Amino acid sequence: MSVTSTSTAKTTGSGRGEASRKRGLPQGGGRRREFTTRRGLQIAAFMAPAAVFVAVFTYYPMIAGGQMAFRNWKLTDLTDTSWVGLKNFRDVFADPAWGTVLGNTAVWVVGSIVPQLVIGFALALWLRRRFRFRGLYQALIFFPWAISGFLIGILFRWLFNSEFGVVNDLLQKAGLIDEPIAWLADPKTAMVAVLIANIWYGVTFFAIMILAALQSIPDELYEAAALDGASKSRTLFQITIPYIRTTLALTVLLRVIWIFNFPDLIFGMTGGGPNNETHIVTTWMIKITQQGDYGRASALGLLVVAALLVFAVFFLMATREKKGVRS
Amino acid sequence: MIGKESVAGRIVKFAFLGVWLLFTVFPLYWITVTSLKAPGDIFHFPLAYWPERFSLENYSGLFGTADFGTYLTNSLIVSTVAGATATAISMLSAYVLARFEFRTKSALLMAALVTQMIPSFIALGPLYLLMTDLKLVDNRFGLILVYIAVCIPFCTVMLRGFFENIPDALEEAAMIDGLSRFTALFRVLLPVMRPGIVAAFIFNFVNCWNELFLSVTLMNSDSNKTVPTALNGFISGFNIDWGSMSAAAVLTILPTMLLFAFASRHIVQGLTSGAVKG
């Protein structure tokens with residue numbers, strides 16, 4: 001969710017705030033430069049409450065949890081919590097379901113992100129132009145964002161119910177199927193169903209971010225393109241997409257991290273079933289936690305962090321803006 | 001703007017927008033309709049797209065047999081207090097991150113980003129032990145403390161975006177007039193920041209209201225449960241009572257949706273104000 005942190009971090013150095021501080025107001029600005037201790041104390045005092053909360057209730061448990069990955073830490077037997085090296089990691093990889101879980105995670109992430117991006121982009125492009133009731137329309141399609149992933153899972157679990165679900169009823173009425181489908185009992189259709197639910201939820205975020213980025217493109221660029229007689233698709237690929245590529249890249253990065261780490265929806269919809277076939281890495285982690293093996297669950301958690309960090313670094317390197325692209 | 005739209009183009013556009021709107025709204029319509037049917041009619045063919053007999057039986061069951069009123073109250077207290085406190089604390093950190101340049105700043109921003117990357121499950125065990133030591137397990141105050149910490153990183157980033165949209169000169173002028181930095185922040189900046197503060201609070205509130213796993217871990221007794229924990233209890237059994245479940249879902253969704261609708265413009269601005277500058 002921290003699109004903003006990474007992107008604004010880049011701009012602050014030369015940001016408007018700093019510039020105006022250098023320019024005017026000798027008294028205020030000068031004083032802050034002279035008494036650096038006082039300035040440091042001010043910064044510390046303002047940051048302290050936030051830092052204390054996050055350190056105590058987020059970072060401390062995370063680090064403590066991280067070291068459990070190298071210990072024998074089972075709720076069923078807490079007499080022996082000795083260090084076991086990489087045993088928990090070996091157990092993760094040796095699990096027969098591990099292959100399925102990894103494959104599902106890939107399907108879950110790619111199968112969610114691609115339709116979300118495409119549909120979100122289309123919505124944003126079409127919402128750019130004013131039309132009557134546009135505000136109401138936006139408010140209506142943005143609301144899935146206010147619902148918890150867990151509850152969305154429950155909602156779609158009811159829609160896809162094999163006997164009394166409305167999806168089967170609608171498909172039968174439309175003549176597309178003859179018999180009701182047991183959506184959540186068959187691994188293949190269960191995966192399709194959770195993906196549909198996640199697309200329903202996630203398109204909004206892309207639409208918001210892309211729409212905001214589109215609104216920052218100067219109209220003159222389009223006017224010039226129109227004068228040159230550029231076609232619609234050419235305008236899209238040579239003006240629109242290059243101009244908003246930073247936002248696009250950051251949104252995709254964040255959403256990948258976030259979808260990867262989003263067990264709530266699957267947890268509410270299928271609980272990982274049928275027969276473990278819709279488990280992704282993070283729901284798998286929940287299952288192992290519930291079985292009380294905190295050591296192995298933490299090992300899994302560290303693998304997630306490592307994978308996401310590597311992905312984030314490579315992704316940022318690959319999509320970093322080349323100089324002059326925008327000029 | 002983007003050239004002229006052809007008639008065919010407009011038809012495609014509005015068809016797409018219409019289909020998407022239906023797809024978005026329908027699940028909510030369906031859960032609401034289900035919740036208003038008499039319990040027997042829910043499992044009745046053919047499925048009724050409009051209740052034949054309206055009934056509030058599913059709702060009255062929630063407040064009679066189940067103790068849903070208590071859960072709603074708990075969620076309301078926890079989300080309001082945690083959301084407001086986190087907003088206040090994040091104001092201070094966001095202000096510093098927007099207005100000062102210092103060496104550890106990018107490290108702090110990275111630390112905020114990393115909180116999003118780590119699966120929360122890795123922290124649950126140790127957090128439970130910590131709260132046991134502090135005697136704050138199964139305690140609303142304990143859950144509030146944890147939620148404050150959960151909200152702070154993103155809230156800080158969001159408010160920072162709002163601060164950066166306000167010219168420095170505003171509080172600098174106040175400081176030249178002799179106000180301290182802190183007083184200037186409260187007397188001069190706060191009123192200007194009001195939309196941002198409201199948006200940040202609502203965002204925090206919705207996040208706390210929707211949070212499941214921490215609440216399931218930390219709250220045991222029935223009188224302390226929050227709404228998501230109660231919903232989780234509904235599905236843990238083998239048979240889901242879909243009548244009560246849909247009524248509970250409607251009651252859970254309603255408050256956050258109303259809040260979101262009320263502040264959606266500001267929230268969108270909050271989400272995007274930083275991102276589109278880069």
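Predicted, not measured: the structure shown is a model, and the values here were computed from it. Letters go in sequence order (proteins before strands), and every chain restarts at 1. Basis for what follows: all heavy atoms, side chains included, without hydrogens, waters or symmetry-related copies.
The minimum heavy-atom distance linking A:Phe150 with B:Pro228 is given by the pair CE2-O, 3.8 Å. The shortest non-hydrogen separation linking B:Pro119 to A:Asn261 is CB-OD1, 3.4 Å. Closest approach of A:Ala50 to B:Ile89, counting heavy atoms only: N-CG2, 3.4 Å. The minimum heavy-atom distance linking B:Gly125 with A:Tyr294 is given by the pair CA-CE2, 3.1 Å. Contact record, A:Ala312 with B:Met117: CB-CE, 4.1 Å, taken as the closest heavy-atom pair. Residues B:Ala149 and A:Val54 share a closest heavy-atom pair of O-CG2, 4.0 Å.
Ranked by heavy-atom pairs under 4.5 Å with chain B, the first of A:Phe142, A:Phe156, A:Tyr201, A:Tyr137 is A:Tyr137. Between chain B and the residues A:Ile147, A:Val166, A:Leu159, the largest count of heavy-atom pairs under 4.5 Å involves A:Val166. Per-residue heavy-atom pair counts under 4.5 Å with chain B were compared for A:Thr289, A:Ile286, A:Ile257, and the maximum is reached by A:Ile286. Interface remark: of the candidates A:Pro61, A:Ala51, A:Pro263, A:Gly65, A:Pro61 forms the most heavy-atom pairs closer than 4.5 Å to chain B.
For the 3.5 Å distance criterion, the side chains of A:Trp158 and B:Thr34 qualify, holding a donor opposite an acceptor.
To the nearest 0.5 Å, the span separating CZ on B:Phe16 from CG on A:Leu123 amounts to 5.0 Å. To the nearest 0.5 angstrom, A:Ile43 atom CD1 is 5.0 Å from B:Phe102 atom CZ. If you take CD1 on A:Ile154 and CD1 on B:Ile31, they are separated by 8.5 Å, rounding to the nearest 0.5 Å. Residue B:Asn207 holds its CG atom at 10.5 Å from OG of A:Ser148, rounded to the nearest 0.5 Å. The CZ atom of B:Phe121 sits 12.5 Å away from the CE atom of A:Met62 when rounded to the nearest 0.5 Å. Note: A:Thr58 OG1 to B:Ile118 CD1 = 9.5 Å, rounded to the nearest 0.5 Å.
B:Ala249 touches chain A through backbone and side chain together, each having a heavy atom under 4.5 Å away. Residue A:Ile217: no heavy atom, backbone or side chain, is found under 4.5 Å from chain B. Using a 4.5 Å cut-off between heavy atoms, B:Leu212 contacts chain A through its side chain alone, with no backbone atom that close. For chain B, the nearby part of A:Tyr59 is the side chain; its heavy atoms alone come within less than 4.5 Å. In this structure, chain B has heavy atoms under 4.5 Å from both the backbone and the side chain of A:Ser298. Both the backbone and the side chain of A:Leu309 come within contact range of chain B, with heavy atoms under 4.5 Å apart. Contact of B:Ile42 with chain A is made through backbone and side chain together, with heavy-atom distances under 4.5 Å. With a threshold of 4.5 angstrom between heavy atoms, A:Ile196 approaches chain B through its backbone and through its side chain. For chain A, the nearby parts of B:Leu145 are the backbone and the side chain; heavy atoms of each come within less than 4.5 Å. Heavy-atom distances place the side chain of A:Leu151, and not its backbone, under 4.5 Å from chain B. Within the 4.5 angstrom heavy-atom criterion, only side-chain atoms of A:Val304, from C-beta onward, approach chain B. Interface remark: A:Val52 contributes no atoms to any contact with chain B (heavy atom separation under 4.5 Å). Heavy atoms closer than 4.5 Å to chain B are found nowhere in A:Leu303, neither backbone nor side chain. Only the side chain of B:Leu130 comes within contact range of chain A, with heavy atoms under 4.5 Å apart. Neither the backbone nor the side chain of B:Met91 comes within less than 4.5 Å of any heavy atom of chain A. In this structure, chain B has heavy atoms under 4.5 Å from both the backbone and the side chain of A:Pro49. For chain B, the nearby part of A:Glu163 is the backbone; its heavy atoms alone come within less than 4.5 Å.
For an aromatic pair to be called close, the ring centres must be under 6.0 Å apart, and A:Phe46 with B:Tyr95 satisfies this. Side-chain rings of A:Phe57 and B:Tyr147 stay apart, their centers remaining 6.0 Å or farther from each other. Ring to ring, B:Phe43 and A:Phe164 are close: their centroids are under 6.0 angstrom apart.
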Under the criterion side-chain contact (heavy atoms from CB on, under 4.5 Å), I'd like the reasoning laid out for B:Leu258 against A:Phe143: C-alpha separation, chi angles, the key distance, then a yes or no. CA-CA 9 Å; B:Leu258 288 177; A:Phe143 78 78; over 6 Å; no
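The salt bridge (charged side-chain N to carboxylate O under 4.0 Å, His left out) test applied to A:Asp169 returns A:Lys173, not counting sequence neighbours. Applying the side chain to side chain contact (heavy atoms under 4.5 Å, CB included) rule to B:Thr156 yields the partners B:Ser90, B:Ser93, B:Ala94, B:Leu97, B:Ile152; only residues at least two apart in sequence or on another chain are considered.
Side-chain contact between A:Leu155 and B:Trp30 is absent, with no heavy-atom pair separated by less than 4.5 Å. Using a 4.5 Å heavy-atom cutoff, the side chains of B:Asn232 and A:Phe267 are in contact. A 4.5 Å side-chain heavy-atom check between B:Val96 and A:Gln42 finds every atom pair outside the cut-off. For the pair B:Ile122/A:Met285, a side-chain contact is recorded, criterion being any heavy-atom separation below 4.5 Å from C-beta on. Contact check for B:Thr24 versus A:Leu140: no side-chain heavy atoms found under the 4.5 Å cut-off. Side-chain contact between A:Phe131 and B:Lys13: present, with at least one pair of heavy atoms (C-beta onward) separated by less than 4.5 Å. For the pair A:Trp200/B:Trp20, no side-chain contact is recorded, criterion being any heavy-atom separation below 4.5 Å from C-beta on. A:Trp145 places none of its side-chain heavy atoms less than 4.5 Å from the side chain of B:Val206.
Counting heavy atoms of neighbouring residues, nucleotides and ligands inside a 6.0 Å radius, atom OH of B:Tyr128 does not exceed 12 of them. More than 12 heavy atoms of other residues, nucleotides or ligands shown are found within 6.0 angstrom of CZ on B:Phe23.
Put simply, the side chain of A:Tyr60 never gets that close to the backbone of B:Pro126: no donor and acceptor are under 3.5 Å apart.
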